[in-house]
Peer 1: 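Pasting a structure below so you can have a look.
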Amino acid sequence: MIKIAFFDTKDYDKALFDKYNKDYNYDITYFESKLNSETAPLAKGFDVVCIFVNDKADKETLDILNEYGVKLLALRCSGFNNVDLDHLGNIRVVRVPQYSPYAVAEHATALLLNINRKIYKSYQRVKKYNFSLDGLLGFDLHGKTVGVVGTGKIGKVFIQIMKGFGTNIIAYDLFKDMDAAKNLGFEYVDFDELCKKSDIISLHCPLTPETKYLIDEKALSLMKDGVIIINCSRGELIHTDALINHLSSGKIGGVGLDVYENEEDFFLKDMSGSYVRDKNLSLLISMPNVIITSHQAFFTSEALHKIASDTCQNISDIFNSGECKNELK
Ligand code: NAD
């Protein structure tokens, strides 16, 4: 029987993996801990290690897993920036490249509407019977320019949604999809031009050495006054110190973040009884024009079912046929 060490387990993961595992009969042990070099010994004696976005498969961790004879790292997510692909040794890696681009693109839209129309503020006010509109002024999305960084699966769905609002779309991507540009009606520009022209910027590219701190001091300086920035991709795309400087100066109109560069110590867990030792995160949470969700964009029922079913199938493909279309090579 294939033995799986499942890291960073939440109740909803267990419920769905137990459901889909009825067809596969894997021997799954669920650990609450995240994978890193300190927790890697938990994986001793297992064939497969199953991880999510904030587990860390760096060189040190992979060396330990190799020593234990772990054969497969099964990512139950699409991004793989947390895996050091140069130090895999004998370990193969599979992922779920697409579970629901709609989930993430719709969440990015929710953050944008929430920030622009100040829904979070009005919700709290009305709860206290304060029906005043002071400070709740937004703007029409219709006719505005939306800059989309990364026109892959999620970026394209986001563009389709934004088209429904009557916005003009400009996009930046290292690899242009000219068919999509023609069919969806958007234009590719270089990154600086996107920064200069956009009223709204939404990030949908992966975290790579090239995109780390893509939104830095220089990029922020180029942006229009009042720009709204949405990040549902990875926290390290944005240089947080620079973002806070430009929020404090009043240049940025609003920010919606589903990810944060040091999120792994905080996101996806209840910290309400603890002291959050991260000044930048506390500062961002306290700002009136910032809304933060806790890496929630993927979190729809459809996405969770697909993650569980595809991860079980990926593992079966590797162990039964030796080939898996979702293997990272
Ligand atoms: P995708 O691979 O379909 O698309 C990524 C796009 O980014 C591609 O078109 C690619 O060419 C482009 N790209 C790569 N390097 C670039 C660069 N240096 N500059 C500009 N563009 C670049 O991926 P996807 O499924 O659309 O997902 C995008 C990202 O969303 C993932 O990498 C992941 O980080 C993030 N994500 C977040 C959540 C969440 O819950 N918040 C869930 C899923 C995915």
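Numbering of ligands and ligand atoms starts at 1, following listing order. Only heavy atoms go into these numbers, but all of them, side chains included; no hydrogens, no water, no symmetry mates.
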Peer 1: Is the number of heavy atoms from other residues, nucleotides or ligands under 6.0 Å of Tyr102 OH greater than 12?
Peer 2: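 No, OH of Tyr102 has 12 or fewer neighbouring heavy atoms, counting only those of other groups under 6.0 Å.
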
Peer 1: Check the orientation of Phe52 and His295. Use parallel for under 30°, tilted for 30 to 60°, and perpendicular for over 60°.
Peer 2: tilted

Peer 1: Using the test side chain to side chain donor-acceptor pair (under 3.5 Å), find all partners of Tyr26 that sit at least two apart in sequence or belong to another chain.
Peer 2: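 Expected list: none.
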
Peer 1: Name each donor-acceptor pair under 3.5 Å that joins a side chain in residues 168-178 to protein atoms two or more places apart or in another chain, with its distance.
Peer 2:
| unit_1 | atom_1 | unit_2 | atom_2 | d |
| --- | --- | --- | --- | --- |
| Asn168 | ND2 | Gly143 | O | 3.4 |
| Asp173 | OD1 | Phe175 | N | 2.8 |
| Asp173 | OD2 | Thr151 | N | 2.7 |
| Asp173 | OD2 | Thr151 | OG1 | 3.2 |
| Asp177 | OD1 | Asp179 | N | 3.4 |
| Asp177 | OD1 | Ala180 | N | 3.0 |
| Asp177 | OD2 | Lys156 | NZ | 2.8 |

Peer 1: Using a 4.0 angstrom limit on heavy atoms, which residues are close to ligand 1?
Peer 2: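 Ligand 1 pocket, heavy atoms under 4.0 Å: Ser78, Tyr99, Val104, Gly150, Thr151, Gly152, Lys153, Ile154, Tyr172, Asp173, Leu174, Phe175, His204, Cys205, Pro206, Thr211, Cys232, Ser233, Arg234, Asp258, His295, Ala297, Phe298.
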
Peer 1: For Asn289, give me all partners under side chain to side chain donor-acceptor pair (under 3.5 Å), at least two apart in sequence or on another chain.
Peer 2: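 Here no residue qualifies.
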
Peer 1: Testing Phe46, Phe31, Phe17 one by one against Phe6 for a ring pair (Phe, Tyr, Trp, His ring centres under 6.0 Å), which residue passes?
Peer 2: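 When Phe46, Phe31, Phe17 are each tested with Phe6, the ring pair (Phe, Tyr, Trp, His ring centres under 6.0 Å) holds only for Phe17.
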
